[in-house]
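Shown next, in structure tokens, is the structure this report addresses.
The structure presented is a predicted model; accordingly, all values stated were derived computationally and were not measured. Any value given below was found using the heavy atoms of this structure, including those in side chains, with hydrogens, waters and symmetry copies removed.
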Amino acid sequence: MIIELDYESETPIYLQLRNEIVRGIGSGQFKYGETLPAVRTLANDLQVNTMTVSKAYNLLKQEGYIVTDRRHGAKVFPNRDESDEYRQKLEQEISLIASEAIVKGMDKEDFMILCQNMLHTISFTSPKLKKQS
């Protein structure tokens, strides 16, 4: 498992860790049903506090990317979310990213090409995704 953290970033470590795991799920680095490292193990590997890893895992669980249990730890188990709320959240985030790109000088066509290229690098598609209830 390759997780890259920027210890100098203003983004909190737990959020960077959450983002890296979501990227790993999206790219297929973490497979559906795969067990993630134990909190202590990952904290030692990344040289961070166990509470940091625990906070990231709790956020991932709350967002429906993983499930946890005391005997088997954390497992990749993303839920489908086709709700209007989730779609609105995505639209807001994409709007912000697109606006930042345009303000920094990227034209719309280059932004679309960048988005298409990113989507091509993401290989995670699983018919096992559980529909959120």
Using the rule given for side chain to side chain contact (heavy atoms under 4.5 Å, CB included), can you reason through Ile2 versus Gln29, listing the C-alpha separation, both sets of side-chain angles and the distance that settles it, and then say yes or no? CA-CA 9 Å; Ile2 299 170; Gln29 179 183 359; 3.8 Å; yes
Under 3.5 Å donor-acceptor, [X] side chain and [Y] backbone:
| X | Y | result |
| --- | --- | --- |
| Ser99 | Ser95 | yes |
| Gln16 | Asp6 | yes |
| Ser54 | Thr50 | no |
| Glu34 | Lys75 | no |
| Asp110 | Met106 | no |

Can you list the steps and then say if Tyr14 with Val53 is a side chain to side chain contact (heavy atoms under 4.5 Å, CB included)? CA-CA 6 Å; Tyr14 82 92; Val53 175; over 6 Å; no
I need the single residue from Thr35, Val22, Ile66, Ile25 that forms a side-chain contact (heavy atoms from CB on, under 4.5 Å) with Phe30. Which is it?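 With Phe30 as partner, Thr35, Val22, Ile66, Ile25 yield a single side-chain contact (heavy atoms from CB on, under 4.5 Å), made by Ile25.
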Taking side-chain contact (heavy atoms from CB on, under 4.5 Å) as the criterion, tell me which of Leu119, Leu114, Ile113 meets it with Asn117. Ile113
Checking side chain to side chain contact (heavy atoms under 4.5 Å, CB included) for the pair Arg23/Glu20: CA distance, chi angles, key distance, verdict? CA-CA 5 Å; Arg23 282 188 194 99; Glu20 285 290 298; 3.1 Å; yes
What I'd like to find out is whether the side chain of [X] reaches to under 4.5 Å of the side chain of [Y], using heavy atoms alone.
| X | Y | value |
| --- | --- | --- |
| Val39 | Tyr57 | yes |
| Leu15 | Leu59 | yes |
| Ile3 | Leu46 | yes |
| Leu60 | Leu17 | no |

State yes or no: do Leu42 and Met51 share one hydrophobic cluster built from I, L, V, M, F, W and Y residues joined by side-chain heavy-atom distances below 4.5 Å, directly or via other members? no
hydrophobic_cluster_shared for Ile21 and Tyr7, side chain cutoff 4.5 Å: yes
Approximate separation, where rounding is to 0.5 Å, of [X] [atom1] and [Y] [atom2]:
| X | Y | atom1 | atom2 | result |
| --- | --- | --- | --- | --- |
| Ile97 | Ile102 | CD1 | CD1 | 12.0 Å |
| Met112 | Gln116 | CE | CD | 5.5 Å |
| Ile13 | Asn49 | CD1 | CG | 11.5 Å |
| Phe111 | Glu100 | CZ | CD | 9.5 Å |

Could you tell me which non-hydrogen atom of Tyr32 sits nearest to which non-hydrogen atom of Pro78, and how far apart they are? CD1-CD, 3.8 Å
Under the salt bridge (Lys or Arg N to Asp or Glu O under 4.0 Å) definition, can you give me all pairs with a residue in residues 85-97, not counting sequence neighbours? Arg87-Glu91, Lys89-Glu93
